[in-house]
Amino acid sequence: MRLTRYFLPVLKETPAEAQIVSHRLMLRAGMIRQSSAGIYSWLPMGYAVLRRIEEIVHQEQQRAGAIPVLMPTIQPADLWRQSGRYDAYGPEMLRIKDRHERDMLYGPTNEEMITEIFKAYCGSYRDVPKMLYHIQWKFRDEIRPRFGVMRGREFLMKDGYSFDVDHAAAIHSYNQMMAAYLRTFERMGLKAVPMKAESGPIGGDHAHEFLILAETGESGVFLDRTVVDLSLGGTAIDFDDRAQLQDIFDRWTAPYARTDDTHDEALFHSMVPEDRRVEARGIEVGHIFYFGTKYSEPLQALVTTPEGEKVPVHGGSYGIGVSRLVGALIEANHDDKGIIWPESVTPFAVGLVNLKQGDAAVDAACEDLYAKLAAAGLTVLYDDTDERAGAKFATMELIGLPWRLTVGPRGLKSGVVELACRRTGASEELSPDAAVAKLRAIYTGL
RNA sequence: CGGGGCGUAGCGCAGCCUGGUAGCGCGUCGGUUUUGGGUACCGAAGGCCGCGAGUUCGAAUCUCGCCGCCCCGACCA
């Protein structure tokens, strides 16, 4: 993409309304534009990151055996009356009427709807286990939206739902999602720690929240340092292997890790030696829980067992805050100059900077690199504007592309370009072809 | 929803107390200059001063009402 043809409305100054760093940087980098309180348009740069995050979530969900669907944003109120949540949900739920005065709502979540779908088609133990998920916009009319996309009213969420014949099978589904989430967040370069959670308004008991540690986190967290160092690394996971998944579950949930909602100071001290105790702040980016028959009973989602008995299915629900992750990633990856995208979610693999637009040799070298990078399968943002070097560098640093390839007359005289790493600030001079090869190597396997 | 603050050019702000036909910086456009870290200078465009009512000869400024946004708190992916 050529910057002269792109839409990248960067801001030199920080808009007054933005308080936290991710919100400020998203506005300055031209990623989002506020429409009203807690509701945003996603501009090209922001949308690109959002789609990359979505793609990772899709891949890891399906790897774990979940099946993608797409349910509507607008739901009929009757469905929620059946589960009893129409009245229970409160003013957070946006209630609307259609032209026939029928009560509708903009869905804050989809348990009722997915249960209704399951019930319509699945009635036998042979139909389970099933794990369905979708990535869809939700609306919760928060009293006070804030922090940009981290706490918006409209937000993009992955929510998945498991259906199993009994408790033991449901726990396996739960463990599948636990492993899928660990993989998902690791791929994004995030340290997300599963923490024991309260069941919350949805009910149930087997529940964990995934939090990434960040100074601006909304929750206080208390944890054993050892859990932060756990990593799946290249572990091959067989999602049908109950023992392996149970082992992963055990390893990640054994160390003490809780938010201030569930924190138990005495237990914390008894379980964790002082030198391993960490008190920090965290941002919740995912939530998994087993809720048993909470929805299947009132909605009469039953399956027949091999013995011919009809039993309510055991359900679990698994959320990832996809749009929130954009903000959370920035909270975890930035410096005083701007954003630093991990390679796995960056909107462009590399920024190509032409230091002397209009100079025949430099233009030609840039065009050549632009074509070769594209041929190597890399996405490129080519700054072909006639801005000065300082302005171009500042913009590249602000928008956070992980690698910058700088081409100028000075280096070109000796046949080199500069490849700079956004995260470390390190740079090296090498031939254009070597730069392409190095970038290709960096991005291989992501 | 309780408490506080703010709505003036695309963005950041001054002007309001003490009414008199709207200003600064950045950005944008044109020109000169500069050319490896947000260059300097010259010129220009751009605003029913959030909306409505009132007071007044006259309202960005005073009064009342409404709307929107932000911050603290309770609530949440």
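Every chain is numbered from 1, with letters handed out A, B, ... down the list of sequences. All heavy atoms count here, side chains included; hydrogens, waters and symmetry mates do not.
The shortest distance between the side-chain N/O atoms of Lys12(A) and the OP1/OP2 oxygens of rG27(B) is below 4.0 Å. Of the side-chain N and O atoms in Arg410(A), one or more sit less than 4.0 angstrom from OP1 or OP2 of rG36(B). In terms of phosphate contacts, Gln34(A) brings a side-chain nitrogen or oxygen within less than 4.0 Å of OP1 or OP2 of rC70(B). Side-chain nitrogen and oxygen atoms of Arg144(A) include at least one within less than 4.0 Å of the OP1 or OP2 phosphate oxygen of rC71(B). Between Arg388(A) and the phosphate of rU35(B), there is no side-chain N or O to OP1/OP2 separation shorter than 4.0 Å.
Counting non-hydrogen atoms under 4.0 angstrom, Ala391(A) reaches a base of the nucleic acid. Using a 4.0 Å heavy-atom cutoff across all strands shown, Arg404(A) reaches at least one base atom of the nucleic acid. Among the protein residues, Gly408(A) comes within range of the nucleic acid bases, having at least one heavy atom under 4.0 Å from a base atom. Glu154(A) comes within contact range of no nucleotide atom at all, as no heavy-atom separation falls under 4.0 Å. Across all strands, Gly358(A) comes closer than 4.0 Å to no nucleic acid atom at all (heavy-atom distances). Looking at heavy-atom distances under 4.0 Å, Gly411(A) makes contact with a base. If you check every strand for non-hydrogen atoms under 4.0 Å, Ala394(A) touches a base.
Look at the C1' atom in both rG20(B) and rU61(B): the space between them is 11 Å, to the nearest Å. Straight-line distance between the C1' atoms of rU33(B) and rA40(B): roughly 7 Å, to the nearest whole Å. Separation of the C1' atoms belonging to rU35(B) and rC49(B) is 41 Å when rounded to the nearest angstrom. Atom P of rC16(B) sits at a distance of 16 Å from the matching atom of rA22(B), rounded to the whole Å. Atom P of rG37(B) sits at a distance of 49 Å from the matching atom of rA74(B), rounded to the whole Å. Look at the C1' atom in both rG15(B) and rC6(B): the space between them is 16 Å, to the nearest Å. Nucleotides rC41(B) and rG27(B), compared at atom P, are 12 Å apart to the nearest Å. Distance check on atom C1': rG46(B) versus rC64(B) gives 33 Å, rounded to whole Å.
Between the P atom of rC71(B) and the CD1 atom of Ile143(A) lies a distance of 15 Å, rounded to the nearest Å. In this structure, Ile39(A) places its CD1 atom 9 Å from P of rC69(B), rounding to the nearest Å. If you take CG of Asp261(A) and C1' of rA77(B), they are 13 Å apart, rounded to a whole angstrom. Protein atom NZ of Lys356(A) is 11 Å distant from nucleotide atom C1' of rG36(B), rounded to whole Å. Between Arg151(A) atom CZ and rA77(B) atom C1' the separation is 10 Å, expressed in whole Å.
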Could you please spell out the steps behind the salt bridge (Lys or Arg N to Asp or Glu O under 4.0 Å) verdict for Glu209(A) and Lys196(A)?
-> CA-CA 6 Å; Glu209(A) 295 176 343; Lys196(A) 181 181 169 61; over 6 Å; no
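When the nearest nucleotides of RNA chain B are assigned to Ala37(A) and Ser323(A) by heavy-atom distance, the more 5′-ward of the two goes with Ala37(A). Heavy-atom distances to RNA chain B give each of Phe393(A) and Phe147(A) a nearest nucleotide, and the one nearer the 5′ end belongs to Phe393(A).
Under the 6.0 Å distance and 45° angle rule, Arg81(A) counts as a cation-pi partner of Tyr86(A). With a 6.0 Å cutoff to the six-membered ring centre and a 45° limit on the axis angle, Arg277(A) does not count as a cation-pi contact of Tyr256(A). With Tyr40(A) as the aromatic partner, Arg33(A) does not meet the cation-pi criteria of under 6.0 angstrom to the ring centre and within 45 degrees of the ring axis.
Using a cut-off of 4.0 Å between Lys/Arg side-chain N and Asp/Glu carboxylate O, Asp383(A) and Arg2(A) are scored as not salt-bridged.
Using a 4.5 Å heavy-atom threshold, the side chains of Tyr382(A) and Leu369(A) count as separate.
Base pairing of rG7(B) is made with rC67(B), judged by Watson-Crick or G-U wobble geometry with both donor-acceptor distances under 3.5 Å. Under the Watson-Crick or G-U wobble criterion, with both distances below 3.5 Å, rG73(B) is paired with rC1(B).
Of the listed nucleotides (rC75(B), rG37(B), rC69(B)), rC75(B) has the atom at the smallest distance from the side chain of Glu142(A).
Under 3.5 Å, the side chains of Thr226(A) and Asp224(A) contain a donor-acceptor pair of N or O atoms.
The aromatic ring of Phe155(A) sits over the base of rA77(B), with ring centres less than 5.5 Å apart and planes tilted by under 30°.
Distance CD1/Ile135(A) to CZ/Arg51(A): 13.0 Å, rounded to 0.5 Å.
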What pairs of nitrogen or oxygen atoms, one from the protein and one from nucleotides 10-13 of chain B, lie under 3.5 Å apart?
unit_1	atom_1	unit_2	atom_2	d
rC11(B)	O2	Glu13(A)	OE1	3.2
rG12(B)	OP1	Ala16(A)	N	2.9

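When each of Tyr174(A), Tyr181(A), Trp252(A), Tyr290(A) is paired with His208(A), the side chain to side chain donor-acceptor pair (under 3.5 Å) condition holds for Tyr174(A) and for no other. Checked options Trp403(A), Tyr6(A), Trp341(A), Tyr370(A); the residue passing with Phe348(A) is Tyr6(A) (criterion: ring pair (Phe, Tyr, Trp, His ring centres under 6.0 Å)).
With hydrogens and angles ignored, no donor-acceptor pair closer than 3.5 Å exists between the side chain of Arg146(A) and the base of rC71(B).
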